[in-house]
Amino acid sequence: MRVLVTGGAGFIGSHLVERLLAEGHSVTVLDDLSGGRLENLDGVRDHPGLRVIVGDVRDPGVLRTALEGAEAVFHLAAVVGVPRVLADPLRAIRVNVEGTERVLEACAERGIPVCVASSSEVYGKGVRWPAAEGDDLRLGPPSAPRWAYAVSKLLDEHLAMAWARRGLRVSVVRYFNVYGPRADPHGYGYVVARFMDQALRGEPLTVYGDGSQTRSFIYVADAVEGTFRAGLSPAAFGHIFNIGYPEEISIRALAEKVRSITGRWVPIRFLPFSEVYGSDFEEVPRRVPEVSRARALLGFEACVTLDEGLQRTWEWWRTCRRV
Ligand code: UDP
């Protein structure tokens, strides 16, 4: 098949592109390189099945060219990660909503199936954990700009479901803190990437708050497997899937794990949230996925343990990352 991956030069996107090429598909990448980097595609740069277009997914001419011959689309292009959203919430809303709107409309016109990337951020502070796809959502007020990201992704999901009701073959994946090689310490995959970077430089690991907040981290190869299935299995269409690994860990324990895996016994420095993100910041104290829908409909279950995934990530960081 010929597959379009928007955001294909990004962290998750570039791993998905490699996977699709390895399966024998031809891939067009559309990326404006605002968060992604062409170096992320170095491993497949000379692959005859790869075409890269640098441009904005919201540009109709660019999107038309990128969609030529496409038989499936993965829409990952977005402004992602709390720091980027806080830096410019307006841009995040515009890119995330307008981009998805145009991609869905173009796919609907052409009858192309599409998988839309969303985020566990849509659960907000959550009503219960582990959270399932059908659960209510609990977001904070618009005075806290963090929620702009959740709202933009939620609107993306609504657009996808509205198009599904009109017959578009569309699925949505909600990522739960994906980490691994090529994660950008300044963008998505933030905390693991930052700790790895800090460990490599011999600097203190910065834990925000008291570090008691928890997350569940999924290794990028697992996230790609779930995405691949959600985008290409007919059983996925019309559904939203949590893509996560349900092992819960506090950020403080994560910092300790990173120290022991890297063998870099740097200090842990605790920083108040207000110092890092400003006084109007709201933290998500817990986040754990319920994963039975992906298991039942996609036969997908993440299998890389946090220890194994962190080891693989460190291996890459140590050998490939330019500090
Ligand atoms: N965090 C941290 N130190 C850092 C970066 C992040 O303690 O240098 C914390 C952050 O406050 C959050 C968790 O790690 O509780 C995950 O943050 P990230 O930005 O990776 O993703 P989020 O789950 O907040 O979207």
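We count ligands from 1, going down the list as the structure has it; atoms in each ligand are counted the same way.
Counted within 6.0 Å of CZ on Arg138, heavy atoms from surrounding residues, nucleotides or ligands total more than 12; the atom is thus considered enclosed.
The side chain of Val82, and not its backbone, has at least one atom closer than 4.0 Å to an atom of ligand 1 (non-hydrogen atoms only; side chain from C-beta on). Of the heavy atoms in Ile251, only side-chain atoms (C-beta onward) come closer than 4.0 Å to ligand 1. Under 4.0 Å from ligand 1, the heavy atoms of Asn177 that appear belong solely to its side chain.
Judged by a 6.0 Å distance limit and a 45° cone about the ring axis, Arg229 is not positioned over the six-membered ring of Phe241.
Close contacts between ligand 1 and Thr206 involve ligand atoms 2 (C), 3 (N), 4 (C), 7 (O), 8 (O) [criterion: under 4.0 Å to a heavy atom]. Numbered from 1 in the order shown, with element, the atoms of ligand 1 that lie under 4.0 Å from a heavy atom of Gln213 read 9 (C), 11 (O), 15 (O). Atoms of ligand 1 lying under 4.0 Å from any heavy atom of Phe273, numbered from 1 in the order shown and given with element: 11 (O). Taking a cut-off of under 4.0 Å to the non-hydrogen atoms of Val207, the atoms of ligand 1 that pass are 7 (O).
No side-chain heavy atom of Arg252 sits under 4.5 Å from any side-chain heavy atom of Asp210.
Looking at Val85, Thr214, Val191, Val80 and measuring to atom 17 (O) of ligand 1, the nearest heavy atom belongs to Val191. The residue from Tyr149, Tyr208, Phe217 that puts a heavy atom closest to atom 4 (C) of ligand 1 is Tyr208.
Taking the six-membered ring where tryptophan is involved, the planes of Tyr208 and Tyr190 are tilted, since the angle between them lies from 30° to 60°.
In terms of N/O distances under 3.5 Å, ligand 1 is not approached by Gln198.
Salt-bridge annotation for Asp197 and Arg201: present, with a side-chain N of the basic residue lying under 4.0 Å from a carboxylate O of the acidic one. With salt bridges taken as basic N to acidic carboxylate O contacts below 4.0 Å, one links Asp42 and Arg45.
Residues passing the salt bridge (Lys or Arg N to Asp or Glu O under 4.0 Å) test with Glu203, sequence neighbours excluded: none.
In this structure, Arg146 is part of the shell of residues with a heavy atom less than 4.0 angstrom from ligand 1.
No donor-acceptor pair under 3.5 Å is formed between the side chain of Asp135 and the backbone N or O of Val127.
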